[in-house]
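Take a look at the structure set out below.
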Amino acid sequence: MASFTKQLADTLADLPLEVFSPAATAKAKLCLLDFLGCAFEASALDPSQQALAAVTPARGGHIVGETRQATPADAAFVNAVKGHGLVREDMHAGSVCHHGVVVWPLLLALAETKAVSGADLLRSAIVAYEVGGRLGRMLIDRELSTLFRPTGLVAPIGAGCGAARLIGLDKQQTAAAIAFAANTSSGLNQWPQSGGSDMFFHPGFAARNAWMAVQLAAAGAYGSPDVLEGKSGYFAAFARRPMPGSVQLFPDGEADILAVYHKAAPACNFAQTACQTALKLVEMIGPGAAPVERISIRVPAAAAAYPGCDNTGPFERSLQAKMSIPYGVAAVFASGRLSEDNYRDLRDKETLRLIDACDLSASEELTAQFPARQGASIDVVLGDGRQLSMGLQDVIPATEAEIRERFRSAAVPIVGGEAAKSIEDFVDRLDSKKDAGRLMPLCATKEKAKQRKAA
């Protein structure tokens, strides 16, 4: 019997074109535009600039929003960190992963080294999301995700499979790429306790490691053929249980990229629905009401247990606040809005008062519905004794219109209106482009644009 690694490589080689549906293609384009918007908006943040400072200037790989180039592998590293900098990247709840911040930097870097069509780039991305999503559904559970960062464990393999397709590896080489990518899977979840920057760099490590995995495979290196299911392999090491079976791709013709949603708020996935619920309660309460005195928040058990999500302070870094469900909810009640501004003043007295009024717990009903739906409910008691309740059955994703507006707002100040429009048009027509490698130079800045940004 063939190993599960070889079965996955064989399946990838024999995928029918029908799985790359118009809906999946359109979703991939939107994921790409969302990634670029996040990367532009996060360009000036410390992790982005630290990642840039850590790589050696070179030619061949363009970096979003920068005049400097790097090697393609290093460019993939920096672009991945930038895409993750806002904590507003795309989300696949079933695998608890942010695939886009690994997939796009890797594939776009490869497209600068090898002539590939836009259609091939999109199909390779769909494959990457598919493998990562399906594998993550099999691997990640609540216990595992409290110790390891799911994106760091799963995305190198998914992105590596997409990259293998993009550069035309054969079945044996693809199996080797899977093995090497699995060997690089990593990312610890200690960072939420202190707000450490580790998290921001996980996608960068994953993208660059996946780059090396496919390059080694292309050079003929031999990877463990049973790396996924072996007694000392991927599932045994991380899940501490046997692999339940082979990775089933596109079951019933449905692409897993369609399960990806785009965050509305620049915060942890598990804080999204609770914060959105709080915003609806703010609207219900209205202006001039008595102050909120007690807040009871109920979420799925996976949300309540995820590292950092139950943090009630003290908050020394914005990342701690972005991970905290009590902080996010309290900040919405204090400010009346849900935005990046909520995470700027970590010592806002009203927010801190409301955090003390919060009680976070897991709901059996919401837990049973997760991950198909990611609900939340909140009960509040006002100072005049009024009691109000609100619940959402699922997270409300950002709309396509919101994603486009966010992209324009972030890109125009850096590259200018004409260049931003060219990028958006290129992405919209990517499946008709003969050379996908032309996209990244559009996203880099010229010296004149950098001067305009500084002014």
Side-chain angles (χ1 to χ4, degrees), residues 27-43 45 47-48 50-52 61 63-65 72-93 95-110 121 124-126 128-133 136 140 149-163 181 184-187 189 191 197-211 256-257 259-263 265-269 272 319 322-323 397-398 403 406-407 410 427 439-440 443:
K27 182 65 174 183
K29 292 179 183 179
L30 191 61
C31 288
L32 173 55
L33 192 67
D34 195 25
F35 161 74
L36 292 173
C38 289
F40 273 117
E41 193 169 342
S43 284
L45 298 181
S48 300
Q50 290 157 356
L52 184 65
I63 299 171
V64 175
D74 282 349
F77 174 82
V78 179
N79 286 326
V81 175
K82 285 194 172 199
H84 201 30
L86 297 175
V87 200
R88 202 190 64 203
E89 57 293 301
D90 67 25
M91 179 71 202
H92 183 270
S95 60
V96 202
C97 283
H98 310 295
H99 298 283
V101 289
V102 180
V103 170
W104 296 114
L106 174 62
L107 298 187
L108 292 170
L110 286 167
L121 181 74
S124 297
I126 292 168
Y129 277 89
E130 184 71 18
V131 174
I140 303 299
R149 187 86 189 284
T151 299
L153 295 194
V154 174
I157 298 175
C161 287
T184 70
S185 292
S186 63
N189 257 346
W191 56 271
S197 298
D198 318 32
M199 180 205 78
F200 294 116
F201 304 111
H202 288 160
F205 297 143
R208 190 161 57 182
N209 285 338
W211 168 283
D256 217 10
I257 195 173
V260 169
Y261 86 89
H262 302 273
K263 290 182 181 178
C268 173
N269 164 62
Q272 298 286 313
L319 185 54
K322 289 190 171 195
M323 293 302 300
I403 291 166
R406 294 189 317 206
F407 167 80
V427 173
L439 177 58
M440 284 309 296
C443 298

Side chains of Tyr261 and Gln272: does their closest heavy-atom pair fall under 4.5 Å? yes
Under a 4.5 Å cut-off applied to non-hydrogen side-chain atoms, are Asn79 and Phe35 in contact? yes
Using a 4.5 Å cut-off on heavy atoms from C-beta on, say whether the side chain of Leu32 contacts that of Leu439. yes
For the side chain of His98 and the backbone of Val101, is there at least one donor-acceptor N/O pair under 3.5 Å apart? no
NE2-CZ distance between His84 and Phe201, expressed to the nearest 0.5 angstrom: 10.5 Å
Inter-residue atom distance Tyr129.OH - Ser95.OG, 0.5 Å rounding: 10.5 Å
Find out whether Leu108 and Leu121 are in side-chain contact, i.e. whether some heavy atom of one side chain is under 4.5 Å from a heavy atom of the other. yes
Got Val64 and Met440 here, is their nearest side-chain heavy-atom distance under 4.5 Å? yes
Are the side chains of Val96 and Val154 in contact, using a 4.5 Å heavy-atom criterion? no
Between the OG1 atom in Thr184 and the CD1 atom in Ile157, the distance rounded to the nearest 0.5 Å is 7.5 Å
How many angstroms lie between CE in Met91 and NE2 in His262, if you round to the nearest 0.5 Å? 12.5 Å
In short, Gly65 meets Ser43 closest at the heavy-atom pair CA-OG, 4.4 Å
Is there a side-chain contact (heavy atoms from CB on, under 4.5 Å) between Leu30 and Asp90? Walk through the geometry before answering. CA-CA 10 Å; Leu30 191 61; Asp90 67 25; over 6 Å; no
Under 4.5 Å between any side-chain heavy atoms of Leu319 and Phe200, yes or no? yes
Should His202 and Thr151 be marked as a side-chain contact (heavy atoms from CB on, under 4.5 Å) after you check the CA-CA gap, both sets of side-chain angles, and the distance that decides it? CA-CA 8 Å; His202 288 160; Thr151 299; 5.7 Å; no
Which heavy atom of Phe77 sits nearest a heavy atom of Ala51, and at what distance? CE2-CB, 3.8 Å
Derivation of the side chain to side chain donor-acceptor pair (under 3.5 Å) call for Asn209 and Trp211: CA-CA 5 Å; Asn209 285 338; Trp211 168 283; over 6 Å; no
Tell me whether Arg406 is salt-bridged to Asp34, with the criterion being a basic N under 4.0 Å from an acidic carboxylate O. yes
Determine yes or no for a side-chain-to-main-chain donor-acceptor pair under 3.5 angstrom, with Lys263 supplying the side chain and Val87 the backbone. yes
Kindly give the heavy-atom pair with the smallest separation between Ala28 and Ile257, and that separation in Å. CA-CD1, 3.7 Å
Passes side-chain contact (heavy atoms from CB on, under 4.5 Å), Ser186 versus Arg149? Steps please. CA-CA 7 Å; Ser186 63; Arg149 187 86 189 284; over 6 Å; no
For a quick test of reading the model, state the closest non-hydrogen atom pair linking Leu106 to Ala207 and the distance between them. CD1-O, 3.7 Å
Closest non-hydrogen contact found for Ala163 with Leu110 is CB-CD1, 3.4 Å
Under 3.5 Å, side chain of Lys27 to main-chain N/O of Ala259, donor-acceptor pair present? no
With a 4.5 Å heavy-atom cut-off, do Cys443 and Phe40 have their side chains touching? yes
Roughly how far, to the nearest 0.5 Å, is the CZ atom of Arg88 from the SG atom of Cys38? 4.5 Å
For the atom pair CG (Leu36) and CD (Glu41), what is the distance rounded to the nearest 0.5 Å? 13.0 Å
Heavy-atom closest pair, residues Lys82 and Ala42: O-CB, 3.3 Å
